[in-house]
Amino acid sequence: MSQQVNITLPDGSVRTYDSGITIKQVAESIGKKLGKDAIAGIVDGADTAIDVHTPLTKDASLKIVTVKSEAGLPVVRHTTAHLMAMAVQKLFPGTQVTIGPAIDNGFYYDFYREQGPFTPDDLPKIEEEMHRIAKQNVAMVREVVTRDQVKERFTKMGERFKLEIIDAIPANDTITVYTLGDWPDVCRGPHVPDSSWLKAFKLTSVAGAYWRGDERNPMLTRIYGTAFWTEEELAKHLEVQEEAKRRDHRKLGKELDLFFFHPYAPATPFFTEKGARIYNGLVDFIRSYYGPLDMGEVITPQLTDSELFKTSGHYANYKDNMYFAQIDEREFGMKPMNCPGHMLMFGHAKHSYRDLPIRMADFGRLHRYERSGVTAGLTRVRSFCQDDAHLFVREDQIGEEIRLQLAMLQDVYAVFGLEMKVQLSTRPEKSLGREPGLTAEERASWDKAWENAEAMLRAALADNKLEFELNVGDGAFYGPKLDFQVKDALGRWFQLGTIQLDYGLPRRFQLSYTNEQSGESTPVVIHRAILGSLERFIGILLEHTAGDLPLWLAPVQARIITINDELLAYGREIRQALEDHGVRVHLDERSEKLGFKIRDAELNKVPVVMVLGAKEREARSVSVRWRKKGDLGVMPLDKAIQLVLDAATVPKPDRAKFVRREHLVGASHS
RNA sequence: GCUCACGUAGCUCAGUCGGCAGAGCACUUCCUUGGUAAGGAAGAGGUCACCGGUUCAAUUCCGGUCGUGAGCUCCA
């Protein structure tokens with residue numbers, strides 16, 4: 001009697017089959033329709049779906065992926081990639097194929113061509129050929145082959161990149177060839193059964209890409225595309241792409257006159273007066289938490305002797321990203337991070353265990369040389385400012401300190417309406433305490449420190465009721481870390497904040513504090529940033545809000561428009577009244593028609609417009625027009641001011657959330 | 001850094017298969033003084049990114065430099 005396997009389905013039910021049953025057969029056993037629609041399976045919650053013909057030989061959970069399902073999207077995309085490669089080889093004989101996976105929002109296929117890369121002009125032709133082939137409803141046939149067979153076939157075809165791929169397949173893996181019509185490709189699958197599913201696709205761009213992502217390898221030409229089950233879904237996707245283009249912060253930055261770039265300062269923004277308002281508004285907002293959190297702000301040198309970076313290790317590991325200046329035969333380095341300076345700051349005085357935690361916040365400007373190809377708008381720049389802080393703590397204080405920082409971080413993201421997810425990265429193989437030459441005792445002590453740190457991070461997360469993803473072994477060599485990603489209005493994820501424990505730097509700088517036993521102990525450093533870089537955050541926020549910033553951050557909160565020039569005097573009076581209440585207001589004094597000035601205010605996304613005519617002047621009132629809401633009608637000036645003030649209130653931290661739980665016994669300092 | 005594309009007025013973009021550089025918006029001046037998304041007229045504004053080459057002639061063709069953008073293993 002053959003062996004049995006228990007297959008658990010998503011609804012929790014368990015079915016028993018003979019070992020070796022395929023996913024397809026399982027689906028068929030559940031229902032005729034399901035059997036027909038099944039195109040792949042996800043076993044034991046894996047990241048990628050596998051082919052329906054895969055035999056199941058041990059107990060497993062199984063999710064059957066069907067046509068037209070969300071989980072099946074990578075499948076249809078992957079098959080579309082094959083279709084594209086097929087079309088390309090038909091149109092451009094001599095082109096060699098390499099790989100063509102499904103990716104987050106579509107797929108790509110990399111080709112090698114002696115004649116040089118494809119151009120955007122080639123895309124419509126290829127697309128047309130793809131549609132032509134797809135309409136013939138050609139089948140996708142899977143066959144299991146031996147290594148020798150497949151090598152022989154692809155050698156004959158002269159596909160040298162494919163041969164390399166075949167050689168890279170592990171010895172025990174089943175090798176499969178998928179043939180779409182008459183076009184075979186070595187592929188792991190899964191795929192849709194025939195080309196009738198390939199209707200809603202579009203080729204989006206071309207780009208260069210290195211073979212296997214290594215810049216020493218030949219440059220391939222890559223074509224990107226996307227595919228969906230239906231044309232409606234494709235259209236929706238393309239519409240979101242269009243919206244993203246409209247919201248591009250580089251475009252908004254120009255249109256709203258917030259910042260610009262000049263060739264003399266590549267990848268380094270100039271913030272205009274309006275842009276600087278946003279920047280400073282964010283700094284003030286973050287700063288408002290520093291009181292309740294008992295954090296002190298410091299200012300540290302921009303340029304220091306390279307010795308500092310030799311001590312910190314940046315000279316050995318980060319030199320290529322730094323700017324240097326040779327002055328008086330001394331080499332100075334521009335700070336790429338605040339931490340080395342903060343180490344000096346801590347080391348400058350003698351500290352008692354009673355003084356800890358010591359929290360240094362710093363809005364200093366940082367300069368990092370980024371390779372020319374990687375800079376982009378405000379999101380990747382060479383000069384920026386972090387809402388940075390370094391917390392010097394005793395080991396027993398790590399948990400509480402992280403808890404407080406997490407509370408701030410959640411608070412801050414909530415203010416901007418950004419959904420968040422957390423990743424916990426734990427000790428990597430190569431890490432402090434695992435270097436050769438340590439005694440067993442030292443090793444054990446390090447192991448304990450890492451264990452303790454990770455446990456405290458977990459506890460702090462639990463305390464703040466935060467779910468997290470675990471990235472085992474992905475921490476820094478000097479300590480475990482938390483990374484925070486947020487989701488913007490278009491559903492895109494961005495990494496913003498980070499909280500990293502550091503056992504290394506304090507040692508390099510030989511920092512210590514006097515412990516309770518009058519001995520010396522080494523503090524642990526916590527690096528943390530919440531917005532990350534202000535520049536990048538401004539970029540993300542602009543795209544998230546489409547330029548309609550919350551009123552408290554808007555560079556100009558209100559604009560006053562008069563019906564005619566005679567009313568300018570009243571306009572100035574109103575401007576004065578608003579200014580006196582701290583409203584950032586602008587009076588449009590141009591001799592233009594009302595409609596023109598309203599339009600201009602709308603295009604500039606000014607949140608509140610106050611329209612003044614003779615009627616309003618008589619009654620000492622204003623007519624209020626609110627962005628996105630329209631005309632609110634005439635109201636007394638006081639009421640209008642109150643309306644603006646209420647909406648423009650700068651969010652304030654709630655002190656109660658940031659009360660420290662442990663208090664030092666006998667600590668008498670504040 | 002590498003591949004490809006792009007760089008024309010403050011902005012958005014035409015244009016020249018090599019022969020004195022164009023529009024709309026914005027700006028300036030004048031007229032107009034008006035009720036919730038563009039009133040009218042006139043004017044000013046450019047070393048066509050920069051450097052070099054080819055040519056009688058280069059914004060245009062070629063080479064280089066700078067800048068910007070997309071991409072550079074989410075693995076057959």
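Lettering of chains follows the sequences in order, A, B, ..., and the numbering in each one begins at 1. Atom set for the values below is all heavy atoms of this structure, side chains included, hydrogens, waters and symmetry mates excluded.
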S.K.: Counting neighbours of NZ on A:Lys63 that are heavy atoms of other residues, nucleotides or ligands and sit closer than 6.0 Å, is the number greater than 12?
M.R.: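 Atom NZ in A:Lys63 is not crowded, with 12 or fewer foreign heavy atoms closer than 6.0 Å.
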S.K.: Can a donor-acceptor pair be found, under 3.5 Å and without considering hydrogens, that links the side chain of A:Arg147 to the backbone of A:Ile166?
M.R.: yes
S.K.: Using 4.0 Å as the upper bound for N to carboxylate O, is an ion pair formed by A:Lys162 and A:Asp185?
M.R.: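 A salt bridge is present here (some side-chain N lies under 4.0 Å from a carboxylate O).
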S.K.: Show me the donor-acceptor pairs, under 3.5 Å and distance only, between side chains in residues 316-323 of chain A and residues at least two apart or in other chains.
M.R.:
unit_1: A:Asn317; atom_1: ND2; unit_2: A:Gly313; atom_2: O; d: 3.1
unit_1: A:Asn321; atom_1: ND2; unit_2: A:Tyr369; atom_2: O; d: 2.9

S.K.: Send over the distance from A:Phe270 CZ to B:G67 P, rounded to a whole Å.
M.R.: 14 Å
S.K.: What is the separation between atom CZ on A:Arg599 and atom P on B:A38, rounded to the nearest whole Å?
M.R.: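 Rounded to whole Å, this separation is 6 Å.
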S.K.: Applying ring-ring contact (aromatic ring centres under 6.0 Å, His included), name anything that partners A:Tyr109, two or more places apart in sequence or on another chain.
M.R.: A:Phe111
S.K.: Tell me the closest heavy-atom pair linking A:Ile23 and A:Ala40, and the distance in Å.
M.R.: CG2-O, 4.3 Å
S.K.: Identify the pairs formed between an N or O of the protein and an N or O of nucleotides 1-4 of chain B at a distance under 3.5 Å, and give each distance.
M.R.:
unit_1: B:G1; atom_1: OP1; unit_2: A:Ser372; atom_2: OG; d: 3.3
unit_1: B:G1; atom_1: OP2; unit_2: A:Ser372; atom_2: N; d: 3.3
unit_1: B:G1; atom_1: OP2; unit_2: A:Ser372; atom_2: OG; d: 2.1
unit_1: B:G1; atom_1: N7; unit_2: A:Gly373; atom_2: N; d: 3.3
unit_1: B:G1; atom_1: N2; unit_2: A:Tyr210; atom_2: OH; d: 3.1
unit_1: B:G1; atom_1: N2; unit_2: A:Glu215; atom_2: OE1; d: 3.3
unit_1: B:G1; atom_1: N3; unit_2: A:Arg371; atom_2: NH2; d: 3.4
unit_1: B:C2; atom_1: O4'; unit_2: A:Tyr210; atom_2: OH; d: 3.4
unit_1: B:C2; atom_1: O2'; unit_2: A:Tyr210; atom_2: OH; d: 3.1
unit_1: B:C2; atom_1: N1; unit_2: A:Tyr210; atom_2: OH; d: 3.4
unit_1: B:C2; atom_1: O2; unit_2: A:Tyr210; atom_2: OH; d: 2.7

S.K.: By ring-ring contact (aromatic ring centres under 6.0 Å, His included), which residues pair with A:His237, not counting sequence neighbours?
M.R.: A:Phe228
S.K.: Under 4.0 Å from any atom of RNA chain B, heavy atoms only: list the residues of residues 614-627 of chain A that qualify, in numerical order.
M.R.: A:Ala614, A:Lys615, A:Glu616, A:Ser623, A:Arg625
S.K.: For a quick check of understanding: with a heavy-atom distance under 4.0 Å over all strands, which category does A:Ala168 fall into, base, sugar-phosphate or nothing?
M.R.: nothing
S.K.: Can you check the distance between B:U12 and B:C30, where both ends of the measurement are the P atom (answer in whole Å)?
M.R.: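 Their P atoms lie roughly 30 Å apart.
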S.K.: Can you list the steps and then say if A:Phe118 with A:Phe92 is a ring pair (Phe, Tyr, Trp, His ring centres under 6.0 Å)?
M.R.: CA-CA 10 Å; A:Phe118 291 113; A:Phe92 304 93; 5.0 Å; yes
S.K.: Expressed in angstrom and rounded to an integer, what is the separation of A:Arg216 atom CZ from B:U73 atom P?
M.R.: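 Those two atoms, CZ and P, are 13 Å apart.
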S.K.: Do A:Leu258 and A:Leu252 have side chains that approach each other closer than 4.5 Å (heavy atoms only, starting at C-beta)?
M.R.: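 Sidechains of A:Leu252 and A:Leu258: no contact.
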S.K.: Can you pull every protein N or O that's under 3.5 Å from an N or O on nucleotides 29-34 of chain B?
M.R.:
unit_1: B:U33; atom_1: O2; unit_2: A:Asp565; atom_2: N; d: 2.9
unit_1: B:U33; atom_1: N3; unit_2: A:Asp565; atom_2: OD2; d: 2.9
unit_1: B:U33; atom_1: O4; unit_2: A:Asp565; atom_2: OD2; d: 2.9
unit_1: B:G34; atom_1: N7; unit_2: A:Ile563; atom_2: O; d: 2.3

S.K.: What would the secondary structure line of RNA chain B be in dot-bracket form, counting Watson-Crick and G-U wobble pairs under 3.5 Å, with [ ] for pairs that cross earlier ones and | for pairs with another strand?
M.R.: (((((((..((((.....[..)))).(((((.......))))).....(((((..]....))))))))))))....
S.K.: Could I get a table of every N or O pair under 3.5 Å where one atom is in the protein and the other is in nucleotides 8-13 of chain B?
M.R.:
unit_1: B:U12; atom_1: OP1; unit_2: A:Lys254; atom_2: NZ; d: 2.9

S.K.: Return the value, rounded to whole Å, for the distance between atom CD of A:Glu164 and atom P of B:U73.
M.R.: 16 Å
S.K.: Restricting to non-hydrogen atoms, name the atom on A:Ala244 and the atom on A:Arg492 that form the minimum distance, rounded to 0.1 Å.
M.R.: CB-NH1, 3.9 Å
S.K.: Distance check needed: B:G69 P versus A:Lys251 NZ, whole Å only.
M.R.: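 Atom NZ in A:Lys251 sits about 15 Å away from atom P in B:G69.
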S.K.: Only one of A:Glu255, A:Glu543, A:Glu239 forms a salt bridge (Lys or Arg N to Asp or Glu O under 4.0 Å) with A:Arg246, so which one is it?
M.R.: A:Glu239
S.K.: What interatomic distance, in whole Å, is found between P of B:U54 and the corresponding atom of B:C62?
M.R.: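 That atom pair is separated by 16 Å.
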S.K.: So, for A:Phe484 and A:Phe468, is the gap between ring centers shorter than 6.0 Å?
M.R.: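 For A:Phe484 and A:Phe468, the ring centres are not under 6.0 Å apart.
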S.K.: Which protein N or O atoms sit under 3.5 Å from an N or O of nucleotides 74-76 of chain B?
M.R.:
unit_1: B:C74; atom_1: O2; unit_2: A:Asp104; atom_2: OD1; d: 3.2
unit_1: B:C74; atom_1: N3; unit_2: A:Asp104; atom_2: N; d: 3.4
unit_1: B:A76; atom_1: OP2; unit_2: A:Arg188; atom_2: NH2; d: 2.5
unit_1: B:A76; atom_1: O3'; unit_2: A:Lys162; atom_2: NZ; d: 3.2
unit_1: B:A76; atom_1: O3'; unit_2: A:Val186; atom_2: O; d: 3.1
unit_1: B:A76; atom_1: O2'; unit_2: A:Lys162; atom_2: NZ; d: 3.1
unit_1: B:A76; atom_1: O2'; unit_2: A:Val186; atom_2: O; d: 2.5

S.K.: Take atom C1' in B:A14 and the same atom in B:C72, then report the distance between them in whole Å.
M.R.: 34 Å
S.K.: Any idea which heavy atoms bring A:Thr226 and A:Asn105 closest together, and the distance?
M.R.: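 Answer, listing the atom of A:Thr226 first, then A:Asn105: OG1-O, 2.6 Å.
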S.K.: Taking the C1' atom of each, how far is B:G40 from B:U33, in whole Å?
M.R.: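 Nearest-Å result for B:G40 against B:U33 at atom C1': 14 Å.
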S.K.: Categorize A:Gly595 for me: base, sugar-phosphate, or nothing, with a 4.0 angstrom heavy-atom threshold over every strand shown.
M.R.: sugar-phosphate
S.K.: Can you tell me, in whole Å, how much space there is between the C1' of B:U59 and that of B:C20?
M.R.: 13 Å
S.K.: Could you give the distance separating B:U47 and B:G35 at their P atoms, to the nearest angstrom?
M.R.: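 Result for the P pair: 43 Å, nearest Å.
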S.K.: Sticking with atom C1', work out how far B:G18 lies from B:A58, rounded to a whole angstrom.
M.R.: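 Pairwise C1' distance, B:G18 against B:A58, rounds to 6 Å.
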S.K.: Testing A:Thr562, A:Asp565, A:Asp600 one by one against A:Arg590 for a side chain to side chain donor-acceptor pair (under 3.5 Å), which residue passes?
M.R.: A:Asp600
S.K.: Rounded to whole Å, please give me the gap between CZ in A:Arg250 and C1' in B:G67.
M.R.: 14 Å
S.K.: So, using ring-ring contact (aromatic ring centres under 6.0 Å, His included) as the criterion, who are the partners of A:His78 when residues are at least two apart?
M.R.: A:His82, A:His191
S.K.: Specify the separation, in whole Å, of atom CG of A:Leu256 and atom C1' of B:A26.
M.R.: 15 Å
S.K.: Using the side-chain hydrogen bond (donor to acceptor under 3.5 Å, both in side chains) rule, collect all pairs that involve residues 88-103 of chain A, keeping only residues at least two apart or in two chains.
M.R.: A:Gln89-A:Glu159, A:Gln89-A:Trp183, A:Lys90-A:Asp182
S.K.: Partners of A:Phe161 by ring-ring contact (aromatic ring centres under 6.0 Å, His included), sequence neighbours excluded?
M.R.: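 ring-ring contact (aromatic ring centres under 6.0 Å, His included) list for A:Phe161, sorted by chain: A:Tyr112, A:Trp211.
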S.K.: Between B:C11 and B:C27, how many Å separate the two P atoms, rounded to a whole number?
M.R.: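 About 15 Å, rounded to a whole number of Å.
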S.K.: Could A:Arg77 and A:Phe107 be counted as a cation-pi pair, given that NZ or CZ must be under 6.0 Å from the ring centre and within 45° of the axis?
M.R.: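 No cation-pi geometry.
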S.K.: Can you tell me how far P of B:A37 sits from CG of A:Asn604, to the nearest Å?
M.R.: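 Computing the A:Asn604:CG to B:A37:P distance gives 16 Å.
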S.K.: Mind checking if A:Phe261 touches a base, just sugar-phosphate, or nothing, with heavy atoms under 4.0 Å?
M.R.: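 Counting heavy atoms under 4.0 Å across all strands, no contact is made by A:Phe261.
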S.K.: For A:Arg365, is there an ion pair with A:Glu535 - N to carboxylate O distance below 4.0 angstrom?
M.R.: yes
